[in-house]
There are 4 protein chains.
Amino acid sequence: MSLIRGRFQKDAAKEVKEYTCSLPFDWQLYSFDIAGSVAHAQMLGKQGIISSVDAKAIVRGLKAIEKEIEQGKFEFKPELEDIHMNIESRLTEMIGEAGARLHTARSRNDQVALDLRLFMKSAILETFENLRSLQKALVQMAEINFQVIMPGYTHLQRAQPVLLAHHLLAYFEMLQRDIQRFIDCLERTDVMPLGSGALAGVAYNIDRKYVARKLGFTRISENSLDAVSDRDFIIEYEAAASLSIMHLSRLAEEIILWSSAEFDFIELDDSYTTGSSIMPQKKNPDVAELARGKTGRIYGNLLGMLTVMKGLPLSYNRDMQEDKELLFDTVDTLLSTASIMTGMVETIKVKPNKINLALDKGYLLATDIADYLVKKGLAFREAHRKVGQLVNWAAEKGKSFSEISLNDYRNFSPLFEDDVYLITHETSLSARNNPGSTSPEQVKKAITAAKKMVG
Amino acid sequence: MSLIRGRFQKDAAKEVKEYTCSLPFDWQLYSFDIAGSVAHAQMLGKQGIISSVDAKAIVRGLKAIEKEIEQGKFEFKPELEDIHMNIESRLTEMIGEAGARLHTARSRNDQVALDLRLFMKSAILETFENLRSLQKALVQMAEINFQVIMPGYTHLQRAQPVLLAHHLLAYFEMLQRDIQRFIDCLERTDVMPLGSGALAGVAYNIDRKYVARKLGFTRISENSLDAVSDRDFIIEYEAAASLSIMHLSRLAEEIILWSSAEFDFIELDDSYTTGSSIMPQKKNPDVAELARGKTGRIYGNLLGMLTVMKGLPLSYNRDMQEDKELLFDTVDTLLSTASIMTGMVETIKVKPNKINLALDKGYLLATDIADYLVKKGLAFREAHRKVGQLVNWAAEKGKSFSEISLNDYRNFSPLFEDDVYLITHETSLSARNNPGSTSPEQVKKAITAAKKMVG
Amino acid sequence: MSLIRGRFQKDAAKEVKEYTCSLPFDWQLYSFDIAGSVAHAQMLGKQGIISSVDAKAIVRGLKAIEKEIEQGKFEFKPELEDIHMNIESRLTEMIGEAGARLHTARSRNDQVALDLRLFMKSAILETFENLRSLQKALVQMAEINFQVIMPGYTHLQRAQPVLLAHHLLAYFEMLQRDIQRFIDCLERTDVMPLGSGALAGVAYNIDRKYVARKLGFTRISENSLDAVSDRDFIIEYEAAASLSIMHLSRLAEEIILWSSAEFDFIELDDSYTTGSSIMPQKKNPDVAELARGKTGRIYGNLLGMLTVMKGLPLSYNRDMQEDKELLFDTVDTLLSTASIMTGMVETIKVKPNKINLALDKGYLLATDIADYLVKKGLAFREAHRKVGQLVNWAAEKGKSFSEISLNDYRNFSPLFEDDVYLITHETSLSARNNPGSTSPEQVKKAITAAKKMVG
Amino acid sequence: MSLIRGRFQKDAAKEVKEYTCSLPFDWQLYSFDIAGSVAHAQMLGKQGIISSVDAKAIVRGLKAIEKEIEQGKFEFKPELEDIHMNIESRLTEMIGEAGARLHTARSRNDQVALDLRLFMKSAILETFENLRSLQKALVQMAEINFQVIMPGYTHLQRAQPVLLAHHLLAYFEMLQRDIQRFIDCLERTDVMPLGSGALAGVAYNIDRKYVARKLGFTRISENSLDAVSDRDFIIEYEAAASLSIMHLSRLAEEIILWSSAEFDFIELDDSYTTGSSIMPQKKNPDVAELARGKTGRIYGNLLGMLTVMKGLPLSYNRDMQEDKELLFDTVDTLLSTASIMTGMVETIKVKPNKINLALDKGYLLATDIADYLVKKGLAFREAHRKVGQLVNWAAEKGKSFSEISLNDYRNFSPLFEDDVYLITHETSLSARNNPGSTSPEQVKKAITAAKKMVG
């Protein structure tokens, strides 16, 4: 029977043990569990709650166990339910009665909360690194292709010329917000819950701030009932991850579009494409597709955890055990997706000639021509209407702006003069020279700022 | 390099192989994959697309591979990407060139669709069994405790007396609808997609109906583009599972409430409760809590898969590979939760005396007393108002209905007579004697019908 | 004070009245509420629970109220909380005490359940009609453009030639499954709940089957506790709607892609596009974009309702009032989206010449060429590899299949002979002549079957 | 025809106008739209892009329009599609050609982004206020009931004694995190997007920082493509709102439990309860139930918006119009729920005597008794086991801790002495005297800190 069933007359049913067992996933917390127990034992020793001899034995034992696990020599026992009991049980086996003193002034409830927060802090730092790497790859791609003018799109219709670099930096901005959100989440995660006991605190003269310092936490939790039943930091991570994968799904969508035969703006490296089992000619952007598809599971994990917590009375309820698999999956998915997209972006080959062809159709300069009329005195609404009619007429005739004669222009407005032909993709870009706009000057500044930011 | 990279100049990056590899989860499809390949090979042989010698060699080889897998002797190779390539590659290793002919007139796209449908059909049957077992446990509990009258609740406030059996049978009804939904889903799953090729069908004289018959399918798919990009049957299962776990979460909630010290209506068997790491007295309904908590992941998987499919152009896109983990997790979770709740329900000890005490407070007979006045001629709205005032007065005096004197009754309405004292929990129940109501007569009928249904 | 606060000493706070008031949305149920009350009153009269004079007065009154509402003359009073109380209160005002007898043997709980089921049945029929219309538009578009061969896609990469008609019929199939799901949902909705009272049934000699017949229901509910706390039919509709809008989002995505300058396969009618406030040249596929975007709210409503029901103890809880707005929004959104997509599809102009150009690039016949080698005796895997290498070589040389000399072909396999040049898009199509495949013969059959189905 | 259809040959279909029309919901943005246009016009005037006479006329006109709307005199025209066009069209009607110049150097894309950010900033401040008020009500309730000891729960089983005040302050902490999240969201919302044009910036010499200052923004957006297609701030609000309503749902759940006949810890004020249409005795906690139920729609809106944005290519797509209704509903729901829960909490009557009774059963002091043994030298695990056995024995005998004789105690451990009887609920509380724990001293400090925080 379990260590904690003194009050019971029978053991849990086999099926119950399997259903409630968290070892298959919470073993991943082992290093955080051990770090937390080491700090706890040292504090117990320092405060005289256990002897310093016991404290030292515990610390030594825990470090030996950590080594066992890392070397694959540790025997995980599912019947001990979770990673915490596995470690504690092995500790007592190893060092005797002192091991049975480790859980003094502690409950699994605050222990789990501690382990999760340690894990989360570490995962946030990794997330930060991976998103930074992707930012770097985007800036690099922007810089290398600085000369490339492409059609900017709204509604997936060609709209106005923009620099490809400007387009890529839009994703830099999204990732920058993601990073800030993860940093905010880190601040709320950085709270040490141990000492909250099962729910009410513990009846020993403990030193919570000492434990916090040892483990690198900035603050201690303020309310024991809240501390054991709070999973906000997990949900907040999952929400930030949902926004981040959403951004990645947009980038993935564009990579898929751009590498289609119809767009043909880029070529993915062979190492980032896969073949078909039946069609020998295929080179598919599977990586980008999977990245886009993985949006589903990250959204699902967020909603899953929100559902778990809905309407739960205080304090700890076992429902909360569901937090781990959902979180671990979100962290793994976001990290691997950001990482693989970095590699994919780094190896993309841009096709400037093909992109250039795309500028020619779509009357991308229509706004500039309307602005031309405005600058000659027409009210904007009226200029918009005139140029709309002009485009309609030109499209029927199959003419591009440069193919329209001045006479024909003047049929639509007498304000048109020879200088209308001076409007080009290049002048369109350079005219948009306000902060945040697509002129080469502004985009160069943006690249410089971005490079400084990613270091 | 992969079998299917004839067109490529380099291999996929290591990280890409890991990211796109589905073997860690799709190995579970092995028996369905082999069954499908056996039928396909037999059809190819029958149609003369491959020689019958080759067909027989393939079938023999596949059966040997199945045995290897079942005996744990099969060497799974992640670098071969998925279960399909693992099996095909081993087959060719085993039987030579004939193995390389298996994939004739087939694509991974229709092969995966087939495997998933075979898996789904099998999972639906298991789901059916597990829900049926829980229905049986509920009917049995209803029958054993047929005499027990409990407070029926609305808004978690005591409302009117009902039979506990009637309350339990409400869950029987919910599960019955679940079962019907899974059966409907089965019908739409029971469609054989092989022969759809990658997307357009295959250029061989195949016999799709033969394959369907061999594999126990009722129909073949009608449109190849649809067949390879349709995951409706998975989402439909996940939606039915979401409804089903929602029902189980409601039952779990009631089990948690009923085994609280405040309700104290039931006692869970020791084998279905767990202890606390710190509080020696605790016997917690962890199983019910986890069952309730697992609602989150099943909802999340549904939403995850809906998200995956949103806005995907035809036909197959790699995003769809995300279908499997979400589905497998939903199936596992629902099956294990239904199963463990069956065991829990079977071992619940009802506490009739404690339940009986709960009937005494809460003016549960107020509706009957209003109906009493209606039957004496008062309009219902007026009767409702009078009895509302009566309850308000009685609550202030601390009197139950039986403690109110006739004089006091008559202060509220002259229609009250001696027979008001004949209204009891038992008469309240037996008065509700319409089909679907809580009278012992009706509930007995319902139990009989339910028993017949579950066999 | 409210009609039902006899037991209270004060009225609900103003803010509480506003927060709990459902009139702003449940007024939409008025016709169903009145129909239900008419049938209930007739039953009460028939059974002698109220006098037949009262019953007739009630029915007359209710019909007058319905007319008032339809003519915009009814004064809705938010302080009466919901549509049910608004109607009942007006009835009593109109016909006196008889009105106060209407609620005999009924509770708002079973009344609301009835109204919702009547609404749902009607909404399902409308949904059926709208999806059928879209099916018709698709079949018509398929038939008109029967000659058009287009590139079939997987991974948004050109894969194999298919008939545009075949592609369109894939959506026909999806909608067909949607329709079946709604029909299944209808069957489970078609259950008459009245007579369940608040939760326990009612203490009058009612005739539930009479009410069911009057209102066109096939069955009556089997368990009163379940009947008042069951919202499965709503969630099932929302799940079916989620699948359906997912299908529409895929069609919308393709319409957006196809009307981009890059694909240029179709032109949307001016009446189904919108302009830009700043760019005069833009014709945007806003309708398709909005249709795709509305997927979000329908998924959200499904999740919302699943969340509401999670973990609710029996029987009715006020949380359930949230069902209505979510449902109404889903119904409105699905109906309007299906309807507008019908109009959009009906007016699409296909551009066969542009589509034809797209067939030329992408080595769409590679599978056919591999099959060619298979038919000459090569094992499929080997044929796939050879053709992969051939495509790689040809792509570097910039040659299409027809531009490769026989000598060059034979460098890859000596099995190539003159007849390799006989492989064309047309032969590729006609070779795929199994049921469900893209050959003109099969697609013609599919169109015929589809036309028969939509009548 | 619309102002912006110069390029079109026909008007949008009637059904298209209805489907795309956003006026029914975006009219709520009118004051933000006008404020934004005023600042834009002033900037255009200052920069000489329009004449200062025109600029002044525009500002005057816009203010007149604002007054018209506030006084209900403005005629909203759905055929003008949205609030922006309604205002601009009325402006031109009012002031002539100058009105047609307002849209110079601006697009609806950046205009909408601006309006939404202004709305969001205002909504966040309101959210802050409402959550603060609820915090105040909780602190006040904690202070008033400072003496009340209640059973603390884990797994809804009585666990250890805690102060009711400590329990209430757990919610204070949750709301504090919510507030911080909204403040973080505010920071990311506080970015001025105007000047981004349709997607590429505008070709005029504008002064974006001037507009930002005028409108109270701290920063301007850095990338025009991002600025018009970024809805992160909306999703971030919806995610923070989901966490917040989750917290409220937990509080609501406890209020529902506590006001049940079984718990009977509190009584809700009559003004915060509602009656039953059929059961005259009922006083239902509908407000708390609805608050709990509204969790569904807020989660649904979050998922809805995440779904909308998934996989959208840059930059603006019409799908994004779906942002508004989802956001407005979330804001309204959260604000009204927080507000009504404040009123409900303020008027709750705590029943100390009833709560006191609940302390007597459940062996709440078991942890203290185990700690007693630990302090006498036993290892914790062993002490836990002994007390578990003691509780098991006592429960069978029906004895509480105080009813166990010392002899009987000593049967379980010879370490028990007379001072075991000194363990009481009060000593249990005061022994938990570490920061964040439930001792009166700590809780008093927490109340003081909380009061300081809410001001």
Side-chain angles (χ1 to χ4, degrees), chain B residues 6-7 97 100-101 103-104 152 154-155 159-160 162 167 169-170 173 177 184 195 199-201 203 206 221-226 232 235 239 242-243 246 249-250 253-254 292 295 299 303 306 309-317 371 379-381 385 388-389 391-392 431-432 434 436-438, chain C residues 6-7 97 100-101 103-104 152 154-155 159-160 162 167 169-170 173 177 184 195 199-201 203 206 221-226 232 235 239 242-243 246 249-250 253-254 292 295 299 303 306 309-313 315-317 371 374 379-381 385 388-389 391-392 431-432 434 436-438:
Chain B
R7 186 237 197 289
E97 203 196 3
R101 298 194 196 279
H103 208 59
T104 312
T154 60
H155 309 259
Q160 295 176 352
V162 296
H167 189 112
L169 289 179
E173 291 295 317
R177 285 192 297 276
D184 289 346
L199 74 155
I206 57 174
S221 58
E222 306 276 0
N223 183 294
S224 59
L225 284 158
D226 178 48
D232 283 11
I235 298 177
S242 293
L243 273 157
M246 180 269 278
S249 79
R250 301 182 73 174
E253 172 82 8
E254 300 215 286
R292 185 179 57 184
T295 312
Y299 287 8
L303 272 302
L306 282 168
M309 297 302 294
K310 181 222 163 189
L312 287 188
L314 293 186
S315 59
Y316 181 80
N317 299 281
D371 285 337
F380 177 74
R381 273 288 161 243
R385 201 172 58 82
Q389 291 164 347
V391 169
N392 189 27
R432 285 165 175 74
N434 300 297
S437 293
T438 196
Chain C
R7 187 236 195 289
E97 205 196 3
R101 297 195 197 280
H103 209 58
T104 313
T154 61
H155 308 261
Q160 295 176 353
V162 297
H167 190 112
L169 289 178
E173 291 296 316
R177 286 193 296 276
D184 289 346
L199 74 157
I206 58 175
S221 59
E222 305 277 1
N223 183 294
S224 59
L225 284 157
D226 178 49
D232 283 13
I235 298 177
S242 293
L243 273 157
M246 179 268 279
S249 80
R250 299 183 74 174
E253 172 82 8
E254 299 214 285
R292 184 178 61 184
T295 312
Y299 286 9
L303 175 81
L306 282 168
M309 297 302 294
K310 181 222 163 191
L312 287 189
S315 57
Y316 181 80
N317 300 279
D371 285 338
V374 168
F380 178 75
R381 273 289 161 243
R385 202 172 59 81
Q389 290 163 345
V391 169
N392 188 27
R432 285 164 175 75
N434 300 294
S437 294
T438 196

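Convention: sequence-line order gives letters A, B, ...; per-chain numbering from 1.
Contacts between C/Ser242 and chain B at a heavy-atom distance below 4.5 Å involve backbone atoms as well as side-chain atoms. Interface remark: B/Leu169 contributes backbone and side-chain atoms alike to the contact with chain C (heavy atom separation under 4.5 Å). With a 4.5 angstrom heavy-atom cutoff, C/Asp232 touches chain B via backbone and side-chain atoms both. If you measure heavy-atom distances from B/Thr295 to chain C, the contacts under 4.5 Å come from the side chain alone. For a residue to count as touching a neighbouring chain, one of its non-hydrogen atoms must lie under 4.5 Å from one of that chain's; by this rule C/Glu222 touches chain B with backbone and side chain alike. At a 4.5 Å heavy-atom cutoff, the contact between B/Glu97 and chain C is made by backbone and side-chain atoms alike.
Of the possible donor and acceptor atoms, one in the side chain of C/Arg250 sits under 3.5 Å from a partner among the backbone N and O of B/Leu312. Side chain of B/Ser224 to main chain of C/Ser437: no donor-acceptor pair is present (N/O by atom type, distance under 3.5 Å, no hydrogens or angles).
Not a single ring pair (Phe, Tyr, Trp, His ring centres under 6.0 Å) links B/Tyr299 to another residue, sequence neighbours left out. Every residue two or more places apart in sequence or in another chain that forms a side chain to side chain contact (heavy atoms under 4.5 Å, CB included) with B/Glu253 is listed here: B/Leu257, B/Arg292, C/Pro313, D/Glu253.
Side chains of B/Leu225 and C/Glu173 form no contact here, defined as non-hydrogen atoms less than 4.5 Å apart. Side-chain contact check for B/Phe380 versus C/His103: some heavy-atom pair is nearer than 4.5 Å.
When C/Ala200, C/Gly201, C/Gly195, C/Ala379 are compared by the number of non-hydrogen pairs under 4.5 Å with chain B, C/Ala200 comes out ahead. Counting heavy-atom pairs closer than 4.5 Å to chain B, the top residue among C/Asn392, C/Asp184, C/Asn223 is C/Asn223. Looking only at heavy-atom pairs under 4.5 Å with chain C, the residue among B/Asn317, B/Val162, B/Asn434, B/Val391 that has the most is B/Asn434. Of the listed residues (B/Leu303, B/Thr154, B/Leu314), the one with the most heavy-atom contacts under 4.5 Å to chain C is B/Leu314. Taking C/Ala159, C/Ser315, C/Gly311 one by one and counting their heavy-atom pairs under 4.5 Å with chain B, the maximum is reached by C/Gly311.
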Begin from the C-alpha positions of C/Arg381 and B/Thr104 and carry the test side-chain contact (heavy atoms from CB on, under 4.5 Å) through to its verdict.
CA-CA 8 Å; C/Arg381 273 289 161 243; B/Thr104 312; over 6 Å; no

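Between the CE atom of C/Met309 and the CG atom of B/Leu243 there is a distance of 9.5 Å, given to the nearest 0.5 Å.
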